[in-house]
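A note on names: the letters A, B, ... follow the listed sequences, proteins ahead of strands, and every chain is numbered from 1.
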Number of protein chains: 2
Amino acid sequence: MTNEPIAVPENQVERHVIAAFRKVGASEPSLQAATRAMMHASRLGVDSHGVRLTQHYCRMLVGGRLNKNPRLTIDQRGPSSATVDGDDGLGHYAAYRAMELACELAQETGLAGVGVRRSSHLGAAGAYALAGAERGFIGFATTNTDSMVPLFGGAAAFHGTNPLAFAAPIPGQKPWLLDMATSSIPMNRVFLHQSLDKDLPTGVAADSSGVPVTDPHQAEMVLPLGGAEYGYKGAGLAGVATLLSAVLMGTTLDPDFIPMVGAQDIGTPRNMGHFVLAISPDHFAGRAVFESGMSRYVDSLRNAPARPGEQPMAPGDREWRQAELRSAQGIPLDPDTARFLNLSV
Amino acid sequence: MTNEPIAVPENQVERHVIAAFRKVGASEPSLQAATRAMMHASRLGVDSHGVRLTQHYCRMLVGGRLNKNPRLTIDQRGPSSATVDGDDGLGHYAAYRAMELACELAQETGLAGVGVRRSSHLGAAGAYALAGAERGFIGFATTNTDSMVPLFGGAAAFHGTNPLAFAAPIPGQKPWLLDMATSSIPMNRVFLHQSLDKDLPTGVAADSSGVPVTDPHQAEMVLPLGGAEYGYKGAGLAGVATLLSAVLMGTTLDPDFIPMVGAQDIGTPRNMGHFVLAISPDHFAGRAVFESGMSRYVDSLRNAPARPGEQPMAPGDREWRQAELRSAQGIPLDPDTARFLNLSV
């Protein structure tokens, strides 16, 4: 069964990802950041943004879209605001630096926002929100991406699947972590249903003219969160990502991106923008109040009355369970990725 | 037709709302803030949060839940962070003050957040995001509210309809304005379908045990945005409102509120929290870049290819059109509200 994924221990996967990046000449700090972000996604079960992207990033490093040796420059515009120029390197590098800086500034001022320009794909936005929570802050991260989602009532792709990611520390536990696309479903879900020949739920995908369809083979776009009836909410939230990442930063608007995948041009940088925010609980009602509230909130949430067969969870609970499982059983790699990483059986 | 709404010129409505508040002894600054927020909602067509609430607020001012003469106190915890103590007055008063302060701080630091404690219902959260945009900032406002929405897989109400509101200035135009509940639909939509005896869309409402229903007469709760299949997103976003408004501020969690409506107790303050944020475009890529990007973004959005009979709109476009219409034709008042405001024909 050559198409079955193989499970590989996570430290082995990590070593091979790093080796692949070194082979194409990526700088050590930029490849470490990209590896960290992809391993985050692979551990938590978000395989679409996991180590399978190594091959894509390596191709873009070789093609010239991505700068192998980016020098980040920081422009601090105020005590709580700064921009990071990513120098067209791997987006993960600039995005982690942005969150690190946001936390440093927020430690002094209570709250800080850092925008990123001249960046590229950053993987899972949740990685950067989480980096904030791991330092004790409420973290937020967003990016705009290339067009894949029509507007509410639209007949062509407009916004990207523009994620909004939030994380917050919980005393003695893994952080609360919400990393969501503002589309109803990821495009990968459509591909999965195509391969299974299984109908999609109503109101999550559309054909090439924007008409909602359930036949996965007709689906060309994914609809904004809220679906056929309330998709203006998802479209509005996608706009929040675009306002903060692109309009505020003067970077590329969603419809103007060179497509991440499938473009002829892999030599021109995409000038992608991101935005991160760190909020210090110390500077509002105080750390002790925040921590007891956080514990009480997630406890009441996890113990809320459930429908038969269901289990209410805090955002991140499912992903942290997956991480435990994969820590024990290894990370599943599709055959292409396993081959690229020299991990084929 | 005694049940038909009557249309009353907006300045006349405003005068009568102010008179009603004065009659029950509300302080001038607090009643002016509440009137401003309700008139915002009534002008923009958000009648659920419009002047119909005057009667409710007056009852709470008389009952003692709301302090007629609140003295706001500000605790500035950092250059970019502060809390406003609402002194149990009308929530609108504390919330407008919070956004005003956030803008003042953000003017200096680039970005600022202000939390509110010991507050109460603030009406439409969009009013405060808009107040930020009117001063030239990207504004964000949120609040948690009493339980009305089950968790994803939940069998009982847990979160409130917890709104997230964002606004941003557009050169020479009314601001971009997104004011959305994190539930699929407002509970008022259920009541409307009940009175029309008309089925609800699938996946937006549930019966008393959390099971999705389309019969409006069986609907007891509204489901989180994303509905029966993807409601974890709406539940997560509701959690963002709760984290920022309640956990960060040490105020009441959604399931612990004395209900806004229908509670026996109208004498005990509810200790509601809110959170607002102001982001200064001057402190990122600069005002000129932001303004040209904003104009280009909304232009491309409004001119995006549309499905037949549809018209993609920027968040707020629908509401600003409604405001123009109501400015010309008056604000529709239901008979109860018209009577309470001494505006019956």
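Contact of Phe166(B) with chain A is made through the side chain alone, with heavy-atom distances under 4.5 Å. Phe275(A) touches chain B through its side chain: at least one heavy atom from C-beta onward sits under 4.5 Å away, while N, CA, C and O do not. Proximity to chain A is limited to the side chain of Leu277(B), based on heavy atoms less than 4.5 angstrom apart. Contacts between Leu178(B) and chain A at a heavy-atom distance below 4.5 Å involve the side chain alone, from C-beta outward. Contacts between Phe290(A) and chain B at a heavy-atom distance below 4.5 Å involve backbone atoms as well as side-chain atoms. Contacts between Ser300(A) and chain B at a heavy-atom distance below 4.5 Å involve backbone atoms as well as side-chain atoms. If you measure heavy-atom distances from Ala106(B) to chain A, you find no contacts under 4.5 Å at all. For Ala306(A), the parts lying near chain B are the backbone and the side chain together; criterion is any non-hydrogen pair under 4.5 Å. Only the backbone of Asp282(B) comes within contact range of chain A, with heavy atoms under 4.5 Å apart. Residue contact with chain A, scored on non-hydrogen atoms closer than 4.5 Å, involves the backbone and the side chain of Tyr297(B) alike. With a 4.5 Å cut-off on non-hydrogen atoms, Glu291(B) does not touch chain A at all.
Of all the listed residues (Pro255(B), Gly309(B), Gly236(B), Pro308(B)), the one sharing the greatest number of non-hydrogen pairs under 4.5 Å with chain A is Gly236(B). Contact count against chain A (heavy-atom pairs under 4.5 Å) is highest for Gly153(B) among Ala285(B), Gly153(B), Gly293(B). Among Gln76(A), Arg77(A), Met313(A), the residue with the largest count of heavy-atom pairs under 4.5 Å with chain B is Arg77(A). Between chain B and the residues Val289(A), Leu301(A), Leu105(A), the most heavy-atom pairs under 4.5 angstrom are made by Leu301(A). Of the residues considered (Ser280(A), Gly239(A), Ala168(A)), Gly239(A) shows the highest number of contacts with chain B, using heavy-atom pairs under 4.5 Å. If you tally non-hydrogen atom pairs under 4.5 Å between each of Arg117(B), Met180(B), Arg296(B), Glu310(B) and chain A, the highest count goes to Met180(B). Ranked by non-hydrogen atom pairs under 4.5 Å with chain B, the options Ala112(A), Ser184(A), Gly234(A), Ser292(A) are led by Ser184(A). For the options Asp256(A), Thr242(A), Thr109(A), heavy-atom pairs under 4.5 Å to chain B are most numerous at Thr109(A). By number of non-hydrogen pairs under 4.5 angstrom with chain B, the leading residue of Gly78(A), Gly154(A), Gly286(A) is Gly154(A).
Around CZ of Arg287(A), the count of heavy atoms belonging to other residues, nucleotides or ligands within 6.0 Å exceeds 12.
Ser81(B) and Gly110(A) make their closest contact through OG-CA, 3.6 Å (heavy atoms, listed as atom of the first residue, atom of the second, distance). Of all the heavy atoms in Ala304(A) and Leu151(B), the pair that sits closest is CB-CD1, 3.6 Å.
Distance alone, capped at 3.5 Å, places no donor-acceptor pair between the Lys233(B) side chain and the Thr182(A) backbone.
By the 4.5 Å heavy-atom criterion applied to side chains, Leu164(B) and Val240(A) are not counted as neighbours. Residues Thr83(A) and His283(B) form no side-chain contact, since every pair of their non-hydrogen atoms from C-beta on lies 4.5 Å or further apart. Looking at heavy atoms from C-beta onward, Leu244(A) lies in side-chain contact with Ile279(B) at the 4.5 angstrom threshold. Side-chain contact between Pro281(A) and Leu248(B) is present, with heavy atoms from C-beta onward closer than 4.5 Å. Considering only heavy atoms from C-beta on, Pro315(B) stays 4.5 Å or farther from Tyr232(A) through its side chain. A heavy-atom distance below 4.5 Å is not found between the side chains of Val247(A) and Ile138(B).
The interface of residues 200-210 of chain A with chain B, defined by heavy-atom distances below 4.5 Å, comprises Pro201(A), Val204(A), Ser209(A), Gly210(A).
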### Query
Hey, mind stepping through Glu229(B) and Ile185(A) against side chain to side chain contact (heavy atoms under 4.5 Å, CB included) and telling me if it holds?
CA-CA 10 Å; Glu229(B) 306 241 15; Ile185(A) 54 168; over 6 Å; no
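With values rounded to the nearest 0.5 angstrom, Leu225(B) atom CG is found 7.5 Å from Leu237(A) atom CG.
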